S.K.: 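One structure, pasted below without further comment.
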Amino acid sequence: MSSKKLKLTKAEQTARTRRAILDRARELFMTKGYGATGTEEIIADLGITRGALYHQFGSKQGVFRAVIEEAYQEIARYIETQAMQVEEPWERLMGGSHAFLEIAHREDIRRLVFIEAPAMLDADTLAQCDRQYGYGLLVQAIQAVVDAGELEVPDVEGFTMMINGALEYLANWIMQIDSPERLEMAKTLTTQLLTLYRKP
């Protein structure tokens, strides 16, 4: 293979550099935390300069925001994957709600999204991430159950906000004691809460 074919385009080099920074930063933010991680540590052994990091993300906080956004994207993909394994709207709502609790229990997601992110990002940024990736899926799932005539609520948006808040509090409750039993109890409580509003 010729050296010409091996040579990366500028766009490919940029994408590779960005990916390397994000992967390294995620590992450090997860294990050491945002405050204990410096930019020099992020770029160490990557063969890039601090200027390259700033060019890609603007600052260390810019790197952190990008890492957190990817974590939210992972949450959304996991929820969608689990929810789409069933056909009925009610089962999809239940499956998606339980899936959120499952992935929130995962060590990397727990540290990044529920510990580091609230400490380092403002409330508006966190709310935007939630609405873009998690909340939007929940609205769609609840609306589908309402449209199917299986859920009776006075206002879909308000009901979604209530369920979303309950799921987030349950996720934090699970983290207090890292045990499979608490995760299963959180799923049971979620099922009971939603079933209260299900039409007979």
Side-chain angles (χ1 to χ4, degrees), residues 26 29-30 64-200:
R26 177 173 178 143
F29 292 148
M30 187 184 71
F64 183 70
R65 283 196 299 268
V67 167
I68 295 303
E69 184 170 352
E70 284 197 346
Y72 269 96
Q73 290 170 355
E74 285 183 39
I75 292 172
R77 284 196 299 270
Y78 183 78
I79 291 171
E80 285 185 297
T81 298
Q82 298 303 308
M84 293 304 290
Q85 292 182 15
V86 291
E87 294 291 333
E88 297 301 320
W90 176 260
E91 296 302 325
R92 284 187 177 178
L93 174 59
M94 299 305 305
S97 298
H98 291 174
F100 170 76
L101 295 172
E102 290 168 0
I103 195 167
H105 188 248
R106 206 175 79 187
E107 179 59 32
D108 58 335
I109 295 296
R110 176 170 51 183
R111 177 66 186 267
L112 291 169
V113 173
F114 293 93
I115 298 175
E116 293 296 320
M120 302 310 306
L121 298 178
D122 62 84
D124 288 342
T125 299
L126 290 173
Q128 182 179 356
C129 285
D130 184 39
R131 285 191 171 88
Q132 186 173 356
Y133 298 110
Y135 179 80
L137 291 175
L138 187 57
V139 170
Q140 293 172 17
I142 289 173
Q143 186 66 62
V145 179
V146 171
D147 292 343
E150 294 187 73
L151 197 63
E152 187 171 10
V153 296
D155 185 87
V156 170
E157 183 178 2
F159 184 76
T160 303
M161 291 292 289
M162 182 183 73
I163 299 302
N164 190 57
L167 287 170
E168 290 185 0
Y169 274 106
L170 282 171
N172 280 285
W173 181 66
I174 293 169
M175 292 172 209
Q176 294 171 14
I177 300 177
D178 186 10
S179 72
E181 291 78 15
R182 182 161 283 201
L183 172 59
E184 291 308 311
M185 178 54 68
K187 290 181 182 180
T188 298
L189 291 169
T190 300
T191 299
Q192 290 179 345
L193 175 60
L194 287 168
T195 303
L196 288 174
Y197 299 90
R198 191 179 188 185
K199 289 183 179 180

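Predicted, not measured: the structure shown is a model, and the values here were computed from it.
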S.K.: Which atom names give the shortest non-hydrogen contact between Pro89 and Ala148, and what distance separates them?
M.R.: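 Heavy atoms of Pro89 and Ala148 come nearest at CG-CB, 4.1 Å.
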S.K.: I need the minimum non-hydrogen distance between Ala99 and Tyr78, along with the two atoms involved.
M.R.: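 Result for this residue pair: O-CE2, 3.4 Å.
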S.K.: Applying ring-ring contact (aromatic ring centres under 6.0 Å, His included), can you list everything that pairs with Phe64, at least two apart in sequence or on another chain?
M.R.: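 Phe64 satisfies ring-ring contact (aromatic ring centres under 6.0 Å, His included) with Phe29, Tyr34 only.
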S.K.: Check salt bridge (charged side-chain N to carboxylate O under 4.0 Å, His left out) between Arg198 and all other residues, then give those that pass, not counting sequence neighbours.
M.R.: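 Testing Arg198 for salt bridge (charged side-chain N to carboxylate O under 4.0 Å, His left out), a comparison that skips the adjacent residues, returns Glu150.
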S.K.: Taking the side chain as every heavy atom from C-beta outward, state whether Leu151 and Phe159 have any pair of such atoms under 4.5 Å apart.
M.R.: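 Leu151 reaches Phe159 side chain to side chain.
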S.K.: Write down the atom of Pro118, the atom of Leu126, and the distance for their closest heavy-atom approach.
M.R.: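 Heavy atoms only, the tightest pair is CA-CD1, 3.7 Å.
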S.K.: With Val139, which residues qualify under side-chain contact (heavy atoms from CB on, under 4.5 Å), at least two apart?
M.R.: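 Val139 satisfies side-chain contact (heavy atoms from CB on, under 4.5 Å) with Tyr135, Thr160 once adjacent residues are dropped.
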S.K.: Does a donor on one side chain and an acceptor on the other come within less than 3.5 Å for Asp147 and Gln143?
M.R.: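 Present: a donor and an acceptor within the cut-off.
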S.K.: Could you tell me if the side chain of Met175 sits less than 4.5 Å from the side chain of Phe114, heavy atoms only?
M.R.: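 A side-chain contact exists here, since the closest heavy-atom pair is under 4.5 Å.
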S.K.: Within a reach of under 6.0 Å around CD of Gln73, are more than 12 heavy atoms found that belong to other residues, nucleotides or ligands?
M.R.: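 For Gln73, atom CD is crowded (more than 12 foreign heavy atoms under 6.0 Å).
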S.K.: So for atom CD, which belongs to Glu157, do other residues, nucleotides or ligands contribute more than 12 heavy atoms lying within a distance under 6.0 Å?
M.R.: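 No, the 6.0 Å shell around CD holds no more than 12 heavy atoms from other groups.
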S.K.: Can you list every side chain to side chain donor-acceptor pair (under 3.5 Å) pair that touches residues 91-101, not counting sequence neighbours?
M.R.: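 Qualifying pairs: His98-Thr191.
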S.K.: How many angstroms lie between CG in Leu138 and CG in Asp130, if you round to the nearest 0.5 Å?
M.R.: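 The CG atom of Leu138 sits 9.0 Å away from the CG atom of Asp130.
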S.K.: Partners of Ala186 by side-chain contact (heavy atoms from CB on, under 4.5 Å), sequence neighbours excluded?
M.R.: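 With sequence neighbours excluded, Ala186 shows a side-chain contact (heavy atoms from CB on, under 4.5 Å) to Leu101, Leu170, Trp173, Ile174, given in chain and number order.
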S.K.: Please say whether more than 12 non-hydrogen atoms of neighbouring residues, nucleotides or ligands are located less than 6.0 Å from CD in Glu70.
M.R.: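 Count over threshold, so yes.
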S.K.: When rounded to the nearest 0.5 angstrom, what is the spacing between NE2 in His105 and CZ in Arg182?
M.R.: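 It is 10.0 Å, given to the nearest 0.5 Å.
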S.K.: If you count every heavy atom of other residues, nucleotides or ligands that lies below 6.0 Å from Met162 atom CE, does the total exceed 12?
M.R.: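 Buried by this count: over 12 neighbours within 6.0 Å.
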S.K.: Tell me whether the count of non-hydrogen atoms from other residues, nucleotides or ligands lying under 6.0 Å of CD in Gln128 goes above 12.
M.R.: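 It does not: Gln128 CD has 12 such atoms or fewer within range.
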S.K.: Give, for atom CD1 of Ile68 and atom CD1 of Ile109, the distance between the pair rounded to the nearest 0.5 Å.
M.R.: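 Atom-to-atom, Ile68:CD1 and Ile109:CD1 are 8.5 Å apart.
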S.K.: Can you tell me how far the CH2 atom of Trp90 sits from the NZ atom of Lys199, to the nearest 0.5 Å?
M.R.: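 It comes to 12.0 Å.
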S.K.: Rounded at 0.5 Å granularity, tell me how far OG1 in Thr190 sits from CD1 in Ile163.
M.R.: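 So the OG1 of Thr190 and the CD1 of Ile163 are separated by 8.0 Å.
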S.K.: Ion pair present between Arg77 and Glu80, side-chain N to carboxylate O less than 4.0 angstrom?
M.R.: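 So Arg77 does not pair with Glu80 through a salt bridge.
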S.K.: What are the two closest non-hydrogen atoms of Tyr133 and Ala76, and how far apart are they?
M.R.: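 Closest approach of Tyr133 to Ala76, heavy atoms only: O-CB, 3.4 Å.
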S.K.: For Asp108, give me all partners under side-chain hydrogen bond (donor to acceptor under 3.5 Å, both in side chains), at least two apart in sequence or on another chain.
M.R.: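 side-chain hydrogen bond (donor to acceptor under 3.5 Å, both in side chains) list for Asp108, sorted by chain: Arg26, Arg106.
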S.K.: Report the distance from atom CD1 of Ile79 to atom CD of Glu102, rounding to the nearest 0.5 Å.
M.R.: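 Going from the CD1 atom of Ile79 to the CD atom of Glu102 covers 10.0 Å.
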